[in-house]
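Because the structure is a prediction, the values reported are computed rather than measured.
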Number of protein chains: 2
Amino acid sequence: MTHCHTIIETLRQKGYRLTPQREMILETIAHSGNHMTADEIIAQVRTRTQAVNIATVYRTLEMLVDEGLACQTDLGDGKVIYATLQHGPHVHLVCKLCRQVIDADYEMLSPLNEQLLQKFGFSADLQHISIFGVCTQCKKGE
Amino acid sequence: MTHCHTIIETLRQKGYRLTPQREMILETIAHSGNHMTADEIIAQVRTRTQAVNIATVYRTLEMLVDEGLACQTDLGDGKVIYATLQHGPHVHLVCKLCRQVIDADYEMLSPLNEQLLQKFGFSADLQHISIFGVCTQCKKGE
DNA sequence: TTTACTGCAAATAATTTGCAAAACT
DNA sequence: AGTTTTGCAAATTATTTGCAGTAAA
């Protein structure tokens, strides 16, 4: 809730209107403490009220990403997940078999970040990154 | 062409049929020496003949990826690119402004690969990875 | 009151699929 | 000949958009 209020305050200051839809969408993402797809978000919100449309969810998410208040990660298999920035930067380890998403610490990527900058002058967005592979459990189960 | 023939030989050995469509698609990707989207591939092939359908392109690409003969990379903005493995593993640095794709050497990722394996038991597919960010030219142009 | 925001339904866009006809081997 | 593979058109899926009505400020 606290984190949620921070975002709401920020939006208000930027001149956005605070609609119940936006509040509910925000609360849902922030509260879950996890990454969610647009579909998951609307499903969750609809346990509370029918008064939200999927188009509004997409428009709200786009706004949050544009304002730097949420991060968007493409999981590759046609799924895009969103999360608020409460946990700070991290890496998404996506298991391509079970589709589980593990969060790893961002620190792991600092050396890479520096190398990319030095060798290519490339400023990488490593806070949004998804790394695909196979998790421990799935390796055993094979 | 040489590289192309290797792939064709491999496919034949695996029991796949060698159709002109598959040959043309393969030649196009291998020849370009670059990453291409399904759309770019069919556009290129169609400068030679009309006798290829987009569904066939997708089916061929899927087969190549399944057989480990091509790699597939999701660029995030709704584009998926494909390339044959002639250049060996590499990292795709995608500029989110100009959409240019720079190839970086895979070696850069070895330490990360090891860490992911040690800390999480996660076998990462780093040969398919896309890293988003802003390239030198775009940084200047801003 | 003003103008941003929402819902709805239609539009996109990329990819996938069913099925009959064509063509490798 | 027998089975794979293709083309076509329709289906799918996720997302976007136009527009008229609703509601923050």
Requested in this report: For Leu18(B), report the nucleic acid contact type (base, sugar-phosphate, nothing); a contact means any heavy atom under 4.0 Å.
Outcome: sugar-phosphate
Query raised in the report: Do Glu107(A) and Ser110(A) have side-chain N/O donor and acceptor atoms under 3.5 Å apart?
Result: yes
Query raised in the report: Which whole-number value in Å describes the distance from Gln21(A) CD to dC8(C) C1'?
Result: 14 Å
Report summary line: When rounded to whole Å, the CG to P distance for the pair Leu61(A) and dT6(C) reads 12 Å
Query raised in the report: Counting N and O atoms only, with roles assigned by atom type, does the side chain of Arg46(A) sit under 3.5 Å from a partner on the main chain of Val52(A), one being a donor and the other an acceptor?
Result: yes
Report task. Would you kindly give the CG-to-P distance between Asp39(A) and dT13(D), to the nearest whole Å? Result -> 11 Å
Query raised in the report: Atom OH of Tyr58(B) to atom C1' of dA11(D): distance rounded to whole Å?
Result: 15 Å
Query raised in the report: Picking from dT15(D), dC8(C), dT6(C), which would you name as closest to the side chain of Asn53(A)?
Result: dC8(C)
Report task. Provide, to the nearest angstrom, the distance between the CD1 atom belonging to Ile81(A) and the P atom belonging to dT15(D). Result -> 12 Å
Query raised in the report: Within this structure, what is the NZ-to-C1' distance between Lys14(B) and dT4(D), rounded to whole angstrom?
Result: 17 Å
Report task. Taking all heavy atoms of His90(B) and all of His35(B), pick out the closest pair and write down the distance. Result -> NE2-CE1, 3.3 Å
Requested in this report: Determine the contact category for Arg22(B): base if any of its heavy atoms lies under 4.0 Å from a base atom, sugar-phosphate if only primed atoms, P, OP1 or OP2 are that close, otherwise nothing.
Outcome: sugar-phosphate
Query raised in the report: What nucleotide among dG7(D), dC5(C), dA24(D) has an atom nearest to a side-chain atom of Thr19(A)?
Result: dC5(C)
Requested in this report: Round to a whole Å and report the spacing from CD1 of Ile8(B) to C1' of dT5(D).
Outcome: 16 Å
Requested in this report: For the side chain of Arg17(A), starting at C-beta, report the closest nucleotide among dT2(C), dG7(C), dG2(D).
Outcome: dT2(C)
Query - Base dT16(C) to side chain Arg59(B), donor-acceptor N/O within 3.5 Å cut-off - result: no
Report summary line: Testing dT6(C), dC8(D), dT5(D) for proximity to the side chain of Tyr16(B), the answer is dT5(D)
Requested in this report: Report the residue (Pro20(B) or Ala38(B)) whose heavy-atom-nearest nucleotide on DNA chain C is the more 5′ of the two.
Outcome: Ala38(B)
Report summary line: Rounded to whole Å, the CE-P distance (Met24(A) to dG7(C)) equals 8 Å
Query raised in the report: Closest heavy-atom contact between Ala51(B) and Thr49(B)?
Result: N-OG1, 2.9 Å
Report summary line: Result for side chain to side chain contact (heavy atoms under 4.5 Å, CB included) between Glu62(A) and one of Asp66(A), Val65(A), Thr60(A) points to Asp66(A)
